[in-house]
*Asks:* 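The structure under discussion is supplied below as structure tokens; questions concerning it will follow.
Here is how names work: the chains are called A, B, and so on, in the same order as the sequence lines, proteins then strands, and each is numbered from 1.
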There are 4 protein chains.
Amino acid sequence: MKVGIIGATGYAGAELLRLLLTHPNVTVSAISSVSFEHQNIQDVYPNFAQTCNMVLCDEDTAIQKSDVIFASLPHGLSELIAEKCVEQNKYLIDLGADFRLTDPKDYEEWYQLSYQKPELHELSAYIIPELHRKLADNIKIIANPGCYPTSISLGLAPIIQTGKVDCNSIIIDSKSGVTGAGRGLSQTTHYPDCNEAFSPYKVASHRHTPEIEQTLSGLAGQNCTVTFVPHLLPVNRGIVSTMYLNLTEPMALEEIHSLYRKFYQTEKFVRVLPKGTTANLKNVKYSNYCDISLHLDPRTNRLIVVSTIDNMVKGAAGQAIQNMNLLMGIPEDTGLDFIPPAF
Amino acid sequence: MKVGIIGATGYAGAELLRLLLTHPNVTVSAISSVSFEHQNIQDVYPNFAQTCNMVLCDEDTAIQKSDVIFASLPHGLSELIAEKCVEQNKYLIDLGADFRLTDPKDYEEWYQLSYQKPELHELSAYIIPELHRKLADNIKIIANPGCYPTSISLGLAPIIQTGKVDCNSIIIDSKSGVTGAGRGLSQTTHYPDCNEAFSPYKVASHRHTPEIEQTLSGLAGQNCTVTFVPHLLPVNRGIVSTMYLNLTEPMALEEIHSLYRKFYQTEKFVRVLPKGTTANLKNVKYSNYCDISLHLDPRTNRLIVVSTIDNMVKGAAGQAIQNMNLLMGIPEDTGLDFIPPAF
Amino acid sequence: MKVGIIGATGYAGAELLRLLLTHPNVTVSAISSVSFEHQNIQDVYPNFAQTCNMVLCDEDTAIQKSDVIFASLPHGLSELIAEKCVEQNKYLIDLGADFRLTDPKDYEEWYQLSYQKPELHELSAYIIPELHRKLADNIKIIANPGCYPTSISLGLAPIIQTGKVDCNSIIIDSKSGVTGAGRGLSQTTHYPDCNEAFSPYKVASHRHTPEIEQTLSGLAGQNCTVTFVPHLLPVNRGIVSTMYLNLTEPMALEEIHSLYRKFYQTEKFVRVLPKGTTANLKNVKYSNYCDISLHLDPRTNRLIVVSTIDNMVKGAAGQAIQNMNLLMGIPEDTGLDFIPPAF
Amino acid sequence: MKVGIIGATGYAGAELLRLLLTHPNVTVSAISSVSFEHQNIQDVYPNFAQTCNMVLCDEDTAIQKSDVIFASLPHGLSELIAEKCVEQNKYLIDLGADFRLTDPKDYEEWYQLSYQKPELHELSAYIIPELHRKLADNIKIIANPGCYPTSISLGLAPIIQTGKVDCNSIIIDSKSGVTGAGRGLSQTTHYPDCNEAFSPYKVASHRHTPEIEQTLSGLAGQNCTVTFVPHLLPVNRGIVSTMYLNLTEPMALEEIHSLYRKFYQTEKFVRVLPKGTTANLKNVKYSNYCDISLHLDPRTNRLIVVSTIDNMVKGAAGQAIQNMNLLMGIPEDTGLDFIPPAF
């Protein structure tokens, strides 16, 4: 299978390239970039020396040369790519935001753009494999989930689908490593401004909010409105989401634990941690795992779920490959079975 | 005025020493340490070369040589020191936990120890100067607040004293730099285990919880039960508390801003940030400031308060000196008017 | 092939385990630890959840269960293990220092211990595969090189074997990430003491010095006495060695480049970087690569070689596996062909 | 005394502002910036909230309003400012490179520009106070030294002025925190590219080289040609220079120590560390100190000097103020006597 990467010089694109180069079932046939077209990838990312000697091409070439196309671009650019892919009968896995929201009004409200090709959206599906594994036959486009929504949805799915959660009580305090902000330069991510610093950003106004609510509402069977506050964490990789919610009826921690273990018992990439331990992003770095720890505040009866992923792997490139595997009908963990390092 | 530091080789002790050495109204007359007695402080902390040439003594010597004693010790040791100070008619500023909780049962429940000398507690007061400035005449012992409670109480005081907060809705997600864990070695604070890592700890079970509730309940005039989750942040210094609460009646952000600005308008060390900006710990590092930013989630009507301090200054040594200044009747900012560096 | 790890809970041991678990030709049959015997490895290293469920055993069991034994222990303990391995006709790959120095006097001088079993040393070989690939038939024990010596020897080999280096002019300024200090706790590696800090240590007295000189002298065909100064770098992983030397006759940078490219042209794991670029540890992290950049100071005619490796992979576990592959006659890069991440 | 800062929004400018605001003998009368003119400094640097409410003006206004002008600008811009200052009979302390090199050819070679106003250079002096304290009467312009040259010159001065150093043997391996690269954005200083990374840069070609050689040659009384290699260190602040040199006659470490102690015995800001200890940048951060440790490699008889400063204080703003104090005839440590924090 030939795969191409559009936007290969962004962080998610570079991570896709790294992972796809060692995937046993695929050949990377093309990588494209607007900013670095005609340059060798090694000139942009010297880590690829002696492992990838490809020259960056344009988008159309990337599509032509590939069976499956991964696109990792700013929002607003994916419908055009999707159209070309569909015309050429190819699959698109879109790491951007343009196919994630099922309600066009949400897209308009949060992205200030509107869908131009509604018919394409009927060929697309938003897939967190552990939650939305059953693909309709006509799917040609996969909307790969955002990093925050992945950590949050996996962390809350088992409890929220019980119907025993007060859906308006959910508070999500997330912290993301700086790769989440991408390769583009900004004062916020300038080393001396970012190191030994910590702050929330886009407080209760981050664009991942409707995506989070869409997934949670779908699981709950009712509308969920969450408060979501992301923070910039001075580490390279990883997201930790600390989530607070009220249960509508009392449950023992033991019971919740069983629920989670059962929910994820056949999942390779979700690890429900033993009672008494706490999820730490260091244990999932450079892997496709999501670690979840569960805590009950005995004084307020609030459930606290801590969920952590590597934002560049399970939160982006790794999940995209997992989705490709799913789409192609090969084992989901193919090319993704790396063990997180201890340090 | 002669001041002594008991526990001068812990992190808070060393920070006290640094700040007191340049305080214009005091002379550091003695520093004590159990672990490093008879050693020169420079052998433990080489940063003091050419600025402090003192030898560490024992606790009794430190008390005898001083008018005001700062104690920075593990809990359970301060009553004995306090007794000696009171007998010798000296003032004690205790940075430990032994005089913070007014209800002995709270101390028993959270520290598994009980007060041995109740009469001493009548001579003590828990003081965050901005909130509890009026000292009773008989006070000999000041319970210096914990780092988390300081950031939280200053952040919530203006809104909670309005009575318009649902006192059972308060969720506090705090993140602390690693100096908060002290100088003692542990696997958690071993560099490779702590760097590029992030995790909550003592989820909903941290000992600062009753102290937080004591202050908030006092301000609210009713019982507050909070969910408090601290996290270990891979930076040296600083605490950020992100706090979520429901208002019992709608308020505009503008109104809340005015309330905060008014509440703190004469305070040197509390900065209510302009609307649209967000508190960042980098702006308070190495200073006695507390920065507060206010945010309203328009979709849930939840108030989000972000409060940040330097855990070693406003959260420990700086506030202790502010309390000493208060006790001694000199301007509260004496010796504390350093401007935080930009980086 | 069954492999065992003695000292599996040290940092190098844990990295060995991670890499060996995905090696296609081996099965990890036993892992041992004195400190954590009878515990599950996941309780010590939660990153292994769902990927390794082994319980730590004792040393003898580890040897019995395995064909190849990796030992990663403090110096002074490996001869005994080696003796047992040889008696049971098993191979030992020793990541410690006990078999590295060929001259027993060097061992005595630098480690204050003496070899007890000289006959074992005749069955051992010190192997940096790129430099010492030809194994004698009787070799049962491989002395896996130290992290600093690996970066240094690979960086200097091509030029030093020309005989055109002033062997007494070599100055090596190395910087190592904190994992190099191991898992054991110390004030130096306590996060707040180590973060935002930088310092040399063991200036001109580090125990890797005789090992460096042994390799360089062997390559040069004459005695080399070097000045070696290591520094502790506030990152988790990686070594950068900046090396300065005088040439005994002028050479153009172009010529030196050709020499290096030719020397390493068939090597998978050494990358001689293009002229004008500079080796950076970030490009080799989590990989078995050694990146080398070459620079000539036109004003002093001094050659400057910059060499970087991941201290835990090429500097420890990765090279040990490369040595195992060599010993077993399988392709040297088996199980080691991971691409370094870009970030 | 009224002081102004031109280039107040660069890192050195912001640090100057912070330090000058608490200097007892001066009033900051004006701060200028091209990029942020008319904005409040707090909008650029929120750390100044409640401590400085000044609006950034233009360069000419800054000069007019001030008695002493600090300029912190890219090279090539200072002659014009100096001309205006001299015309208006004001003092200039220039933190840039335009007045540092006494030989115009050096400036041309290393900066590709030539001096336009040679007469101004006769009114200027390059001053590291500890080495060049005696000011000629006509001096109106002080060339404030570069950060690397300060650490290096202070570290080598005592030994080099003995005449016992082989002046062509000096190798300087320096490591600088990221603030040294300034506030301007670049890929190299983008957090994910800079964190967990380490590399030399401008190997043997950094513009501070002629400045270093100018000072060392002046002290030695003969030409010194050094090899100088800077590295980018993933910390915010601080420089460590590890320096290697051959002595032309053997000296005991004891003797060298005495020499250094004597040389700096009356200096407030230079600390010659006790034998057996090693300079660490953490002990000088946020202070004007330079810490020096001395080491002899007994096997090569090479002297190794380790020198560390805070690049933004002793390496820039602090030394500029020390120079102002010197120029104004007030005690050199006025406004600079802060003790470095332990962490």
*Asks:* Please find the pair of heavy atoms, one from C:Pro200 and one from D:Ala279, that lie closest to each other, and give the distance.
*Replies:*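 Scanning both residues, the minimum pair turns out to be CD-O, 3.7 Å.
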*Asks:* Is any residue of residues 178-193 of chain D within less than 4.5 Å of chain C by heavy atoms, and which ones?
*Replies:*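 Within residues 178-193 of chain D, near chain C: D:Pro192, D:Asp193.
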*Asks:* Is chain C contacted by the side chain of D:Ile170, its backbone, both, or neither, given a heavy-atom distance below 4.5 Å?
*Replies:*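 For D:Ile170, backbone heavy atoms alone lie under 4.5 Å from chain C.
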*Asks:* Would you mind checking which part of D:Leu233 comes under 4.5 Å of any heavy atom in chain C, side chain (CB onward), backbone (N, CA, C, O), both or neither?
*Replies:*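 Contact with chain C involves the side chain of D:Leu233 alone.
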*Asks:* Let's go through D:Phe198 and C:Thr308 carefully: what are the C-alpha distance in whole Å and the side-chain angles of both, what is the deciding distance for side-chain contact (heavy atoms from CB on, under 4.5 Å) to 0.1 Å, and is it a yes or a no?
*Replies:* CA-CA 9 Å; D:Phe198 186 74; C:Thr308 184; over 6 Å; no
*Asks:* Can you check whether anything in residues 208-223 of chain D gets within less than 4.5 Å of chain C, heavy-atom wise, and list it by number?
*Replies:*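 So far as heavy atoms go, D:Thr209, D:Glu213 are the residues that approach chain C to under 4.5 Å.
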*Asks:* Measure the spacing between CG of C:Asn246 and CG of D:Asn168 and express it to the nearest 0.5 Å.
*Replies:*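 Rounded to the nearest 0.5 Å, the CG-CG separation comes to 10.0 Å.
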*Asks:* Measuring from atom CZ of C:Phe228 to atom CG of D:Asp297, what distance do you get when rounded to the nearest 0.5 angstrom?
*Replies:*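 Those atoms lie 11.5 Å apart.
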*Asks:* Answer whether the closest heavy-atom distance between the side chains of D:Ile171 and C:Arg302 falls below 4.5 Å.
*Replies:*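 With C-beta onward as the side chain, the pair touches.
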*Asks:* Which distance, rounded to the nearest 0.5 Å, do you find between the NZ of D:Lys175 and the NE2 of C:His231?
*Replies:*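 Answer rounded to 0.5 Å: 3.0 Å.
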*Asks:* Report the distance from atom OG1 of C:Thr278 to atom CG of D:Leu232, rounding to the nearest 0.5 Å.
*Replies:*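 Separation between the atoms: 11.5 Å.
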*Asks:* Can you tell me how far the NZ atom of C:Lys285 sits from the CD atom of D:Glu196, to the nearest 0.5 Å?
*Replies:*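 Going from NZ on C:Lys285 over to CD on D:Glu196, the span is 5.5 Å.
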*Asks:* How far apart are the closest heavy atoms of C:Ala197 and D:Lys282, and which atoms are they?
*Replies:*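 Heavy-atom minimum between the residues: CB-CB, 3.7 Å.
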*Asks:* Can a side-chain donor-acceptor contact be found between D:Thr227 and C:Thr300 if the only test is distance below 3.5 angstrom?
*Replies:*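 Indeed, the side chains of C:Thr300 and D:Thr227 share at least one donor-acceptor pair under 3.5 Å.
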*Asks:* What is the distance from atom OG of D:Ser205 to atom CZ of C:Arg299, rounded to the nearest 0.5 Å?
*Replies:*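 Result: 10.0 Å between the selected atoms.
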*Asks:* Could you check whether any side-chain heavy atom of C:Asn195 comes within less than 4.5 Å of a side-chain heavy atom of D:Phe343, counting everything from C-beta outward?
*Replies:*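 Not in contact.
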*Asks:* For the side chain of C:Asn280 and the backbone of D:Ser199, is there at least one donor-acceptor N/O pair under 3.5 Å apart?
*Replies:*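 Side chain of C:Asn280 to backbone of D:Ser199, a donor-acceptor pair under 3.5 Å: no, none is there.
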